Each structure stands twice: as structure tokens, then as C-alpha cells.
Engineer: 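Okay, handing you the structure first.
Quick caveat: nothing in here was measured; it's all calculated off a predicted structure. First listed ligand is number 1; within each ligand, the first listed atom is number 1.
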Amino acid sequence: MIDLRSDTVTKPTAAMRAAMANAEVGDDVYGEDPTINRLEQRAAETVGKEAALFVPTGTMGNTIAIKLHTEHGQEVVCDSRAHLLDWELSMVAWFSGCVIRAIPTEDGILRWSQIRKVVRPLGPHSAPTGCIEIENTHNMAGGRIYPLEVIEEICSGAHDAGLPVHMDGARVFNAAAAMGRPVRDIVAHVDTVMFCLSKALGAPVGSMLAGTAEKIAKGRLYRKRLGGGMRQAGVLAAAGLLALEESPKLLTQDHANARWLASELQKLRGIQIHLSAIETNIVIFDISGTGMSVADISRELRSRGVLINGINDRQMRAVTHYDVDRDACASAVAALREVLSSQ
Ligand code: TLP
């Protein structure tokens, strides 16, 4: 199977499996797992924050971050296609007791000029704003990257208004690779950042939440409350360390494959793609001109050994990663060409 459904499907490398087998472990709830401690330290150094916390999932990392930055009854400002809003089972409401104030954007990238208009204090009718959340790269906008000056402007506006900023940086290493900048430059101004080891970086499990030592110490307690105290999870952290140290340099290959895939898909009858929007490893394409439904295309592709899912009734998403090389991308294009021509 050529699996382009997501970069979450990456399998651990042979080196990761060997590191997992040999990992030194201890009970992490007592703070005694040396491999997790090393991963948390390396992650904090890499992103330039005081401390970092190993969490089982990106969803848990975002959930803890929002809880750290808000009180019950506040609003969290984010883009209207944010993962936080559409794909995390309303954890903002469930765990933090907040509602989302969503701002529609063309490209997934919020600007301070838009955020400023919805920021408000507690009033007789209005809930106060608790924090701002930005997603970098933006998944459902097709892996779009926040320009550094936009992040700086949002953070300075938010901080002047007394508001913290959390970055859902599930794929911030993709942004860094595409920009040729270290992650620490991208996240320098945000208060917390969550990034995933288990997506394009290839670890089997795990994400990191980074911020001040004080926030991360409190975050550790929220992680326990959420059932995320993981004991001898150094076996996972060992793969995570390799994901952190070794995988970032492979990402530009995924980006080149995504651009190539997009340019080939664009040649197919009825497929529409904005090539200039392909900045990292996510290719979102519109199939409404093909005369077929998303579900039919997905099913026909599957029967030809290719997995690509729809994200709504007219768009599909293909995500490149290290388990899908250029030849596999070519086979996926050929399969889709065949599906469309058998129409
Ligand atoms: N994204 C998954 C699905 O949930 C859509 C994917 O296949 O892309 N933030 C962002 C921006 C994400 O893309 C994801 C996962 C998460 C958070 C959550 O990470 P996990 O799945 O580890 O909870």
C-alpha cells in the first residue's frame, strides 16, 4: 500500500527500533526515566525554551497548553480550520471550559489585525479572551507556513494585550526545513509550542510541549490528570530522540516530493491545485471537476493500492513522508489517472 493519508502513518526506522530495544528506562511519574529526561532536555534546547514535557499525543499537548493559559469561561482565538477546533473532540471545552472564537482565513494564517478585532475583556455580555492559538504549519490549509514577521506581530500584539500565544507546531519542523531556519527562531516569541515526534519525524508515539519551567511543571500535573503519566516510556523517548536529532534533515525530500506530486496531479482531468500553496509536505486538491465523489475516488484508489482520504466533500489530502518515495508518488499519480479515465 502507498499510504498518503497522513505522515502519522510513518513506521519507526531500524535505528529507532534498535534504540527502543536498548533504551534505559525508569518510572517517569517519579521523574526517573533517564531517556525521557534526556528527550525533554534536548527538546527544550532545540526549541529554545526553558523546559519541555513528553506527552503521548499532539492532542494532549494542545489540551494541556490551553489549560495552562486559560480559566473556565474564556475564549480561545484561533483560525476557523484549526486542528484544535475540528479534530480534538472539543477538548478546549471539555477540559478547559472555554469556547473557541474562530476567525476564517484564506490561507490558514491569522494576522494580528484580524485577531485584534475579536479580543475583548469580560463584560456584561461577553466572555473575555484567554489566549491565542496559531497552527504552524497549518494542516487543513495545506501545510502553510507562518511568516516570521506575522508570528512576531501576533505575539507582540497579544502580549501587549496581556494574552499568551500557543503554537500548535505539530509540523513546525516542516516549517523550519522549508524556511531553512532553526525551529527556535520560529517559536522564539510564542509562550508555548507543541510539536509532534510521531508525524513526519517518524517516531511511533509522542509529542512535546515546551515553554517556561513554571508552565511545564504545572503542565506535568495536567498530563497526569489526563492519564498521561507513562512510567517506563523511555522506550518511546528513545525513538523520539532519533526523530528529534536525525529526522529533520530528511524533511526537504518530503517537500520536494509533495511539490512534484502536486504538479503531476494538477495535470489530471478535473483536479485543481494551487501550486503556489504547496510549501511543505501536504497536498490538498479539489476533485469537484472530476464528476466523482471523494468517497468513490478513495475507494477506487484503495483497490489499486493507494490510500488518500477526503477532508470534505470536494477536497482530498495527500501527505508525503519518508515511507513514500518519488516512485511511490508516481505510482499514486498513475493510479489516480486510471481511476479518472475509467469514469
Ligand atoms: N493531525 C492528524 C489528524 O488528526 C487530522 C493528521 O493526520 O494530520 N495538531 C495538528 C496540526 C495535527 O495535524 C494533529 C494530527 C494534531 C495536532 C494532533 O496530534 P495527535 O494525532 O498526536 O493527537
Engineer: Say whether, by atom type as modelled, one donor and one acceptor occur between the side chain of Thr129 and the main chain of Arg120 under 3.5 angstrom.
Structural biologist: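 Answer holds: yes.
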Engineer: In the hydrophobic clustering (ILVMFWY, side-chain contacts below 4.5 Å, transitive), which residues join Leu89, or is it alone?
Structural biologist: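 For Leu89, no cluster forms, as it stays isolated from other hydrophobic side chains.
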Engineer: Given 3.5 Å as the limit, does a donor-acceptor pair link the side chain of Arg225 with the main chain of Leu221, or not?
Structural biologist: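 Looks like no, no N/O pair under 3.5 Å.
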Engineer: Let me check something: any side-chain donor-acceptor pairs from residues 45-56 under 3.5 Å, sequence neighbours excluded? List them with distances.
Structural biologist:
unit_1	atom_1	unit_2	atom_2	d
Glu45	OE1	Arg42	NH1	2.5
Glu45	OE2	Gln41	NE2	3.3
Thr46	OG1	Arg42	O	2.6
Lys49	NZ	Val187	O	2.9
Lys49	NZ	Ala188	O	3.4
Lys49	NZ	Val190	O	2.7
Glu50	OE1	Ala213	N	2.7

Engineer: With rounding to the nearest 0.5 angstrom, report the CE to CG distance, Met179 to Asp185.
Structural biologist: 8.5 Å
Engineer: Using side-chain contact (heavy atoms from CB on, under 4.5 Å) as the criterion, list what pairs up with Arg5, not counting sequence neighbours.
Structural biologist: Asp3, Val9, Arg302, Leu307, Asn309
Engineer: Give me the pairs of N or O atoms, one from ligand 1 and one from the protein, that sit under 3.5 Å apart.
Structural biologist:
unit_1	atom_1	unit_2	atom_2	d
ligand 1	1 (N)	His83	NE2	3.1
ligand 1	4 (O)	His83	NE2	2.8
ligand 1	7 (O)	Ser6	OG	2.7
ligand 1	7 (O)	Arg317	NH2	2.9
ligand 1	8 (O)	Asn139	ND2	2.9
ligand 1	8 (O)	Arg171	NH2	2.8
ligand 1	8 (O)	Arg317	NH1	2.9
ligand 1	8 (O)	Arg317	NH2	3.4
ligand 1	9 (N)	Asp168	OD1	3.1
ligand 1	9 (N)	Asp168	OD2	2.7
ligand 1	13 (O)	Asn139	ND2	2.8
ligand 1	13 (O)	Arg171	NH1	2.9
ligand 1	19 (O)	Lys199	NZ	3.0
ligand 1	22 (O)	Gly58	N	2.9
ligand 1	22 (O)	Lys199	NZ	3.3
ligand 1	23 (O)	Gly58	N	3.4
ligand 1	23 (O)	Thr59	N	2.9
ligand 1	23 (O)	Thr59	OG1	2.6

